[in-house]
Amino acid sequence: MRVMAQLAMVMNLDKCIGCHTCSVTCKQTWTNRGGVEYAWFNNVETKPGQGYPRRYEDQSRWKGGWTVRNGRLRLAGGGRLRKLLNIFANPDLPELDDYYQPWTYDYRNLTEAPLSEDIPVARPLSAVTGAPAEVKWGPNWEDSLGGAPQHAPEDPVVQKLGRDVRFEYEQSFMFFLPRICEHCLNPSCVASCPSGAMYKRTEDGIVLVDQDRCRGWRMCVSGCPYKKVYFNHKTGKAEKCTFCYPRLEVGQPTVCAETCVGRLRYIGVMLYDADKVGAAAATEDEQRLYQAQLGVFLDPHDPAVAAAAEQSGIPHDWITAARRSPVYELIARYRVALPLHPEYRTMPMVWYVPPLSPVVDALSGTGFDGEEAGNLFGAIDALRIPLDYLAGLFTAGDPEPVRLALRRLGAMRAHMRSINLGEPTDQRGPGRVGMTAAEIESMYRLLAIAKYADRYVIPTAGIGRAHELEGIATRCSLDGDGGPGMVDGRTDLFTWRDDERPDGMFPTLRGGARP
């Protein structure tokens, strides 16, 4: 067992109101500059819908993520030979029109137009070229089911269902899906990068781009099935969501979480067995991938896991944070949070609580009590948007985990309503979804009334080690414990001569030979 720690996020879709505050604050913080005008590290999509970039979920077209061949994981975009052959002309790369043509407006025409009987107009201009632009698509063109009868049938998940879904506003319901980089346990973007610029930090699992090593091949863009890696056309480098790691390192949540109006985001630590990731991602049956990923996670309350984590070098503060993690509670204990498209086999670490509110609203509109458990349980399988659509998003088509999550959310609503109205609670209600009344109430406190410190449990071990890290930074890294500089004394990097080979730099191999 090789224990590693991962910072993860859960989003409660019942609370998302589609205000796009997270998108705007992220844009102003990270991509409010030239070269990434079209890039939104955080975007909010209306589902059903094609998403951003358009139809990004169609991996038969974009070839992102992983596939399994002969029991082994392979990049869906091909191996080294195919990447070498296409390195100068990547056929799987989204074009700017697949995202959208970013635009601004000619505001100077409003302020500098001469006196006239006509009202001046601020016409759209391309934010890339400055030429007049015709606005045809945007990062959330389908907001609130806008144009859904025309565009939503092109949703790849809807097309997989093989049957009609009603998109008329009064006959369907929608929900908002905020998306950021998944910071996967098995990131295909990292494996796709020819120059090794993409990497996953060992201390917290955040996936980043080394700007110095990036050569702009853009294989990471096509390799990511979620299309959350972007190419800066001015710098020639790849850029992506950083999970706001400068904030996390001082114990603060990401900008999108900090500014979220609905308070729907949770951040915490997950401990996992790194030795099991490859086997879990290679699970043959796509519908077993969700369960396989659950099997990778470790219980931080288990003394054996805690001991193994300390042996792996995980700081005590991180282990303590993992025990208090709201993400662990929602994913592993209550199992109401689900991963986005586990069939991509990247082991995503941004999970979602599926929406139940539209079910309640639909029931109430028919005259039935939308909060009564019996009504809710019966309505879950008869949603106006099919249950298998949610399964296509979160569990590779397996409806059972989605049904269980919605039933548990429904049981929580019914139980807490009885308490709030002073009515006797149904003692059998929690048991029907495999929970106790105490667990139901604990889940309610986390999902409904959790305070800031309960939603964001971010370890600050780095702060406690600040002086130690500062001391390390003032001496040569080769002189660290076990490093080459510790062999046969210290190695002075500043006094080398061209005709010498320091003894401490290259250890002697077996047999006395040197490399």
Item to check | Pair Asp58-Arg55, salt bridge (charged side-chain N to carboxylate O under 4.0 Å, His left out): steps then yes or no | outcome: CA-CA 6 Å; Asp58 182 9; Arg55 292 179 54 81; 3.0 Å; yes
Next on the checklist: Can you list everything that forms a side chain to side chain contact (heavy atoms under 4.5 Å, CB included) with Val190? Sequence neighbours excluded, please.
Outcome noted: Pro187, Met198, Val207
Item to check | Result of checking Leu338, Val336, Leu13, Asn12 against Pro354 for side-chain contact (heavy atoms from CB on, under 4.5 Å) | outcome: Leu338
Checklist outcome for this item: side chain to side chain donor-acceptor pair (under 3.5 Å) filter on Glu441, not counting sequence neighbours, yields His415
Item to check | Residue list, side chain to side chain contact (heavy atoms under 4.5 Å, CB included) with Pro326, at least two apart or on another chain | outcome: Tyr266, Leu446, Val457
Item to check | Check: Asp97/Gln101 side-chain N/O donor and acceptor closer than 3.5 Å | outcome: yes
Checklist entry - Do Asn43 and Lys228 get their side chains close enough for a donor-acceptor pair, meaning under 3.5 Å? => result yes
Item to check | Separation of Leu393 CG from Lys47 NZ (nearest 0.5 Å) | outcome: 6.0 Å
Next on the checklist: Any heavy-atom pair between the side chains of Gln252 and Ile458 that's under 4.5 Å?
Outcome noted: no
Checklist entry - What is the distance from atom CG of Leu409 to atom CG of Asp14, rounded to the nearest 0.5 Å? => result 6.5 Å
Checklist entry - Is any side-chain N of the basic residue among Asp398 and Arg288 closer than 4.0 Å to the acidic one's carboxylate O? => result no
Checklist entry - What heavy-atom pair brings Leu75 and Ala191 nearest, and what distance separates the two atoms? => result CD1-O, 3.8 Å
Next on the checklist: Please find the pair of heavy atoms, one from Thr67 and one from Ala76, that lie closest to each other, and give the distance.
Outcome noted: CG2-CB, 3.8 Å
Next on the checklist: Checking Asn90 now: which residues fulfil side chain to side chain contact (heavy atoms under 4.5 Å, CB included) with it, not counting sequence neighbours?
Outcome noted: Asp92, Leu93, Met219, Ser222
Item to check | Side-chain heavy atoms of Cys181 within contact of Phe41, under 4.5 Å | outcome: no
Checklist entry - Is there a donor-acceptor pair closer than 3.5 Å between any side-chain N or O of Ser325 and the backbone N or O of Val327? => result yes
Checklist entry - If you round to the nearest 0.5 Å, how far is CH2 of Trp30 from SG of Cys256? => result 11.0 Å
Checklist entry - Mind checking whether Phe175 and Phe394 have parallel, tilted or perpendicular rings, split at 30° and 60°? => result tilted
Checklist entry - Would Trp40 and Tyr100 count as having a side-chain donor-acceptor pair, cut-off 3.5 Å? => result yes
Checklist entry - How far apart are the C-alpha atoms of Tyr328 and Asp299, what are their side-chain angles, what is the distance that settles it, and do they pass the side chain to side chain donor-acceptor pair (under 3.5 Å) test? => result CA-CA 9 Å; Tyr328 176 80; Asp299 183 0; 3.2 Å; yes
Checklist entry - Does Asp275 have any salt bridge (Lys or Arg N to Asp or Glu O under 4.0 Å) partners at least two apart in sequence or in another chain, and if so, which? => result Arg2
Item to check | side chain to side chain contact (heavy atoms under 4.5 Å, CB included) partners for Tyr199, two or more places apart | outcome: Arg201, Leu208, Asp210
Checklist entry - With ring centroids as reference points, do Tyr52 and Tyr99 lie under 6.0 angstrom apart? => result yes
Checklist entry - With a 4.5 Å limit on heavy-atom distance, are the side chains of Arg403 and Arg408 in contact? => result no
Checklist entry - How long is the gap from CD on Glu203 to CG on Leu7, to the nearest 0.5 Å? => result 9.5 Å
Checklist entry - Are Lys160 and Val157 close enough that some pair of their side-chain heavy atoms sits under 4.5 Å apart? => result no
Checklist entry - What residue pairs, at least two apart or across chains, pass side-chain hydrogen bond (donor to acceptor under 3.5 Å, both in side chains) with a residue in residues 182-194? => result none
Item to check | Distance, nearest 0.5 Å, that separates CZ of Arg247 from OH of Tyr456 | outcome: 9.5 Å
Checklist entry - For residues Ser442 and Tyr334, is any side-chain donor paired with an opposing acceptor at under 3.5 Å? => result yes
Next on the checklist: Run the salt bridge (Lys or Arg N to Asp or Glu O under 4.0 Å) test against Arg74 and tell me which residues pass, sequence neighbours left out.
Outcome noted: none
Checklist entry - Taking C-beta and beyond as the side chain, do Met4 and Leu185 meet within less than 4.5 Å on heavy atoms? => result no
Next on the checklist: Test of understanding: with side chain to side chain donor-acceptor pair (under 3.5 Å), list the residues that count as partners of Thr283, not counting sequence neighbours.
Outcome noted: none
Checklist entry - Would you call the rings of Tyr226 and Tyr344 parallel, tilted or perpendicular if under 30° counts as parallel and over 60° as perpendicular? => result perpendicular
Item to check | pair Met435-Met412: side-chain heavy atoms closer than 4.5 Å | outcome: no
Next on the checklist: If the condition is salt bridge (Lys or Arg N to Asp or Glu O under 4.0 Å), which residues does Glu142 pass it with, not counting sequence neighbours?
Outcome noted: none
Checklist entry - Strictly by modelled atom types, are Thr25 and Thr259 linked by a side-chain donor-acceptor pair under 3.5 Å? => result yes
Next on the checklist: Using the side chain to side chain donor-acceptor pair (under 3.5 Å) criterion, which residues pair with Glu239? Sequence neighbours excluded.
Outcome noted: Arg33, Asn232
Next on the checklist: Under a 3.5 Å threshold, yes or no: a donor from one side chain and an acceptor from the other, between Arg61 and Tyr56?
Outcome noted: no
Checklist entry - Are Thr436 and Pro430 close enough that some pair of their side-chain heavy atoms sits under 4.5 Å apart? => result no
Item to check | For Glu439, salt bridge (Lys or Arg N to Asp or Glu O under 4.0 Å) partners two or more places apart | outcome: none
Item to check | No-hydrogen, no-angle side-chain donor-acceptor test under 3.5 Å, Lys200 and Gln6 | outcome: yes
Item to check | Residue pair Phe176 / Glu45, side-chain heavy-atom distance below 4.5 Å | outcome: no
Item to check | Result of checking Val261, Leu264, Leu447 against Lys15 for side-chain contact (heavy atoms from CB on, under 4.5 Å) | outcome: Leu264
Checklist outcome for this item: In this structure, CZ of Arg72 is separated from CH2 of Trp66 (nearest 0.5 Å) by 11.0 Å
